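Notes to accompany the following structure.
In listed order, ligands and their atoms are each counted from 1. We count residues from 1, following the sequence as given. On a predicted model such as this, the values are computed, not experimentally measured, just so you know.
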Amino acid sequence: MPKDSQGLLVPGIVSPRRTVPHHIPRPEYVDRAEPNEPDGTGDFYSPEELERVRAASQIAADCLEYLEQFVVPGVTTDRLDELAHNFLIERDAYPSTLGYRGFMKSCCTSLNECICHGIPDSTVLESGDILNIDVTAYFNGMHGDTNRMYAVGTIDTESQQLIDVAHEAMMRGIRAAKPGREVNVIGRVIEKYAGRFGYESVRDYTGHGVGRAFHSGLIIPHYDTDRFTDVIEPGMVFTVEPMLVTGSQDWRSWDDGWTIVTKDGSRCAQFEHTIYIGEDGPEILTLPASQRNG
Ligand code: MF3
Ligand code: CO
Ligand code: CO
């Protein structure tokens, strides 16, 4: 079911929609064709709002950490979606992707040559696979968005290097996000680092403002460009989420309208954090419990 004869992905079976208890507040866009985004409320957050984005971000980050023990050969991406869904609703968070522009699962599961937006389904993980899980939690009126890679069983050294470089590229992009610079500095640093290893940084999917809206309208490029000149200032919240590929970044979309895969079948790795810009520089809001103090 999950792979064709060359080991490339094919669509699996998508399970019925999971339900969310009625007491959990839903984002405005759920089950509407178009969100009210960009919502026009900008990318700046008061101290009180920051604490609410932080709470949503920590739930999403803790969910990714919780899932680690379950990402093993033999598990389906649908089972991982069920575990993510239950983790979020048990904490009174709404899974932001569920009902977003017609996406009907509680996380994205992007395997091997999938760049992003993979839909959890009956695909069975095998040793040697690399998987990205992207979780966004909506809690107390705020979205927190994060993703990371998981190695399934034993992976080859090339895949491990791709994962390590993608993580370091994200961290370098985050550290470059200092007040007074334009947001395009982030992409410049990321693409430059990826290039040292011969990897391309995907241009067509970007970071974004997040918090009151899932995608605020602010765009954070992951490549070197003179466009995207918004100045980074204290009080801002946005994501940094580079996707690096070992081959060509040319992509195609599956008929499901979501799944984005490399045309050449080369593998992709991505990491994502939601960050806050303080007076002195960036702070990562989506650190999991094991990496937080207090
Ligand atoms: N969480 C993804 C991001 O980082 C967005 C997923 S939208 C979905 O922006 F509809 F595909 F779930
Ligand atoms: Co995001
Ligand atoms: Co995300």
Side-chain angles (χ1 to χ4, degrees), residues 14 17-18 20 26-35 37-38 43 53 56-61 63-64 67 77-78 80-81 84-85 88 93-111 114-121 131-139 142-150 166-167 170 173-174 177 183 186-187 190 202-222 236-243 251 253-254 256-261 268-276 284-286 288:
V14 180
R17 181 174 189 164
R18 299 194 158 85
V20 177
R26 290 153 165 65
E28 53 81 17
Y29 54 71
V30 173
D31 292 335
R32 300 191 313 105
E34 288 287 318
E37 289 176 357
D43 294 288
V53 189
S57 296
Q58 290 183 352
I59 292 169
C63 183
L64 293 185
L67 291 173
T77 52
D78 184 63
L80 297 172
D81 179 75
H85 180 89
L88 295 174
Y94 186 92
S96 302
T97 59
L98 184 61
Y100 179 74
R101 296 180 183 270
F103 193 93
M104 285 303 168
K105 288 291 158 191
S106 299
C107 61
C108 298
T109 50
S110 300
L111 188 61
C114 180
I115 293 174
C116 61
H117 303 164
I119 301 172
D121 66 11
L131 178 69
N132 179 281
I133 305 180
D134 190 335
V135 168
T136 310
Y138 180 72
F139 183 71
M142 297 289 178
H143 299 272
D145 188 7
T146 182
N147 73 49
R148 57 162 280 189
M149 298 303 297
Y150 302 83
H167 185 265
M170 173 190 67
I174 291 170
V183 298
I186 297 167
I190 288 168
V202 173
R203 294 175 170 241
D204 291 345
Y205 295 89
T206 67
H208 52 94
V210 67
R212 290 176 293 261
F214 191 175
H215 298 97
S216 74
L218 172 68
I219 289 176
I220 310 297
H222 301 127
M236 288 175 92
V237 174
F238 54 81
T239 75
V240 178
E241 49 180 303
M243 288 137 272
W251 55 267
S253 177
W254 282 1
D256 61 28
W258 282 106
T259 310
I260 305 296
V261 295
C268 181
Q270 179 182 26
F271 286 86
E272 173 177 30
H273 276 312
T274 293
I275 68 173
Y276 170 76
I284 298 172
L285 300 181
T286 40

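For the side chain to side chain contact (heavy atoms under 4.5 Å, CB included) with P27, the lone residue among H143, R212, E37 that qualifies is H143.
Summarising the geometry of T109 relative to I119, their closest heavy-atom pair is OG1-C, 3.8 Å, with the distance given to 0.1 Å. Closest approach of E241 and D145 over heavy atoms only: OE2-OD2, 4.3 Å.
Counting only protein atoms, the N, O or S atoms lying less than 2.8 Å from the Co ion (ligand 3) are D134 OD1, D134 OD2, D145 OD1, E272 OE1, ordered by chain and residue number.
Judged by the 6.0 Å and 45° rule, R148 forms a cation-pi pair with Y150.
H117 is not listed as a side-chain neighbour of D134, based on a closest heavy-atom distance of 4.5 Å or more. Side-chain contact between I220 and T206: absent, with no pair of heavy atoms (C-beta onward) separated by less than 4.5 Å. Proximity of E34 to R101: side-chain heavy atoms (C-beta onward) are separated by under 4.5 Å at one or more points. By the 4.5 Å heavy-atom criterion applied to side chains, H215 and Y100 are counted as neighbours.
Sorted by chain and number, the heavy-atom contacts of ligand 1 below 4.0 Å come from T97, Y100, F103, C108, H117, D134, T136, D145, H208, F214, H215, E241, W258, E272.
Distances from the Co ion (ligand 2) show that H208 has an N/O/S atom below 2.8 Å.
Remark: the backbone N or O of S57 is not paired with any side-chain donor or acceptor of T286 at under 3.5 angstrom.
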Legend entry - M236/L218 under side-chain contact (heavy atoms from CB on, under 4.5 Å): CA gap, chis, key distance, verdict: CA-CA 10 Å; M236 288 175 92; L218 172 68; 3.8 Å; yes

